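Okay, structure first, notes after.
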Amino acid sequence: MAKTVLVINSGSSSIKYQLVDLETGEGLASGLVEKIGEPTDGHYKHEYNGEKHELEEPIHDHEQGLKRVLGFFEQYGPKLSEAGIVAVGHRVVQGGYIFPKPALVTDKTINQVKDLAVLAPLHNGPEAKGAEVMRQLLPDVPQVFVFDSSFFFQLPAEASTYALNKDIAEQYHIRRYGAHGTSHEYVGSVVPEIIGKPAEGLKQIVLHIGNGASASAQISGKPIDTSMGLTPLEGLMMGGRTGDIDPAAVFHLIRNAHMSVDELDTLFNKRSGLTGMCGHADMREVHKLVAAGDKDAKLALDVYVHRIIKYVGDFTAQMGGVDVITFTAGVGENDEIVRKMVCDRLAPFGVKLDEEKNNTRSKQPRVISTPDSSVVIAVVPTNEELAIARKSATIAAEGKDSYGNEFTR
């Protein structure tokens, strides 16, 4: 019998899930639950064996949504009782100062994840709730928290520390935690084989760019720096987030626009970035506007690329060079225009893009630079679900985590 892990990603009003085959790494079934707790009807989508099943109904809470999801597996397949499920892995954005490694889902860890919502208010609460519900629905299956921030917990102190008053930073646990760590770790681990170079000593930059966007610098697979900080707001420009911005902009808006903390939070995290500059978070729509001569969209695209180049230069200097730059996530994997704009800006440093390879759509990992390029340019589809599944399966097999928590039926 195959061994599988059900990976759950719970958002404030949505749930994404995928059943992962540990042997092949493939997603056997996947789905989406949308508009949880909203006044309009919610939407379910379950895909298995080439078939898509959809349903619309009011979804009052995560418990109702997840019960329906388990019903879909029973009705449309594959039946979890026959799928060899060994664990349920829950993606959590922020493990903070408590979780440098994955953890079993227990009453204690659920409460700790909830407490860490102060560092990720949009994510940790719903993620803890999803785990709480699934633990009740599948009590005989080990449940595991896998944290996006864990990979970057290894950052050198000089990269993780803010130049903030030491006492305040320590009291309120303010440091650079990073995010998208599961993706950066996975992509960085497969790059050496793809480009045919040993992992030891390899200097690489991973660009996880999509609606959320972050960059990382890695040497020998270990993180040296990342663009996100205390929260996912810092760093690159994103679909709705500002990315880097002078913190004094907050003081200015409080004093002059009389904005509240919640208003500023929404402005910086949801109403800025591409959305705030040109009205669209979807880069495909931005390209359409640019092609039609829209100046706001052109500026938004230019700022987006400018920020990427800024971090590439920063990380290259920190590592004393770079061997490979890898694009991943929604924009990185699918947007040949953005990839070309970035590489064109790096051309004076000997970066050479193979135009034909860059313009070829593929879901396979690939090199898109020419053989004589000074830096290898690669595209690697991320697979956070597989990474979460593998980590969850390891904890489940051991029956305990590194914090002393044990799984009991």
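All values reported here derive from a predicted model rather than from experimental measurement.
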Does [X] come within less than 4.0 Å of [Y], counting only side-chain N to carboxylate O?
X: Lys298; Y: Asp294; answer: no
X: Lys310; Y: Asp244; answer: no
X: Glu132; Y: Lys114; answer: yes
X: Lys16; Y: Glu385; answer: no

Kindly say whether [Y] contributes a backbone atom to a donor-acceptor pair with the side chain of [X] at under 3.5 angstrom?
X: Ser227; Y: Ala215; result: yes
X: Ser374; Y: Phe349; result: yes
X: Asp21; Y: Thr4; result: no
X: Asn358; Y: Asp354; result: no
X: Ser272; Y: Arg241; result: no
X: Gln154; Y: Pro100; result: no

Approximate separation, where rounding is to 0.5 Å, of [X] [atom1] and [Y] [atom2]:
X: Thr275; Y: Asn211; atom1: OG1; atom2: CG; result: 7.0 Å
X: Leu346; Y: Ser369; atom1: CG; atom2: OG; result: 11.5 Å
X: Met341; Y: Ile308; atom1: CE; atom2: CD1; result: 9.0 Å
X: Asp107; Y: Gln112; atom1: CG; atom2: CD; result: 11.0 Å
X: Leu202; Y: Ile219; atom1: CG; atom2: CD1; result: 9.5 Å
X: His306; Y: Leu236; atom1: NE2; atom2: CG; result: 11.5 Å

From CA spacing to verdict: side chain to side chain contact (heavy atoms under 4.5 Å, CB included), Leu299, Met277: CA-CA 8 Å; Leu299 177 59; Met277 290 190 70; 3.7 Å; yes
Considering all heavy atoms of both residues, which atom of [X] and which atom of [Y] are nearest to each other, and what is their separation?
X: Leu137; Y: Lys67; value: CD2-CG, 3.7 Å
X: Arg307; Y: Gly243; value: NH1-C, 4.0 Å
X: Ala29; Y: Pro78; value: CB-CD, 3.8 Å
X: Leu274; Y: Ala300; value: CD2-CB, 4.0 Å
X: Phe327; Y: Gly332; value: CB-O, 3.4 Å
X: Arg345; Y: Ile309; value: CB-CD1, 3.6 Å

So do the side chains of [X] and [Y] get within less than 4.5 Å of each other, counting heavy atoms only?
X: Asn124; Y: Val93; value: yes
X: Val146; Y: Ser392; value: yes
X: His90; Y: Val144; value: no
X: Arg339; Y: Ile368; value: yes
X: Thr109; Y: Asn405; value: yes
X: Lys129; Y: Asp61; value: no
X: Arg135; Y: Ile110; value: yes
X: Leu289; Y: Val286; value: no

Check whether the ring centres of [X] and [Y] lie less than 6.0 Å apart, and answer yes or no.
X: His184; Y: Phe152; value: yes
X: Phe99; Y: Tyr403; value: yes
X: Tyr48; Y: Tyr76; value: no
X: His180; Y: Phe151; value: no
X: Phe153; Y: Tyr177; value: no

Any chance the side chains of [X] and [Y] put a donor and an acceptor closer than 3.5 Å?
X: Glu34; Y: His43; value: yes
X: Ser362; Y: Gln364; value: no
X: Glu333; Y: Thr328; value: yes
X: Ser260; Y: Asp262; value: no

Tyr172 OH: over 12 foreign heavy atoms closer than 6.0 Å: no
Heavy-atom neighbours of Gln75 CD exceed 12 at 6.0 Å: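 For Gln75, atom CD is crowded (more than 12 foreign heavy atoms under 6.0 Å).
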Qualifying residue, where the test is side-chain hydrogen bond (donor to acceptor under 3.5 Å, both in side chains) with Tyr44 and the options are Glu57, Glu56, Arg68: Glu57
Face-on cation placement of Arg390 at Tyr186 ring, 6.0 Å and 45° thresholds: no
Arg91: partners by salt bridge (charged side-chain N to carboxylate O under 4.0 Å, His left out), with sequence neighbours left out: Asp148
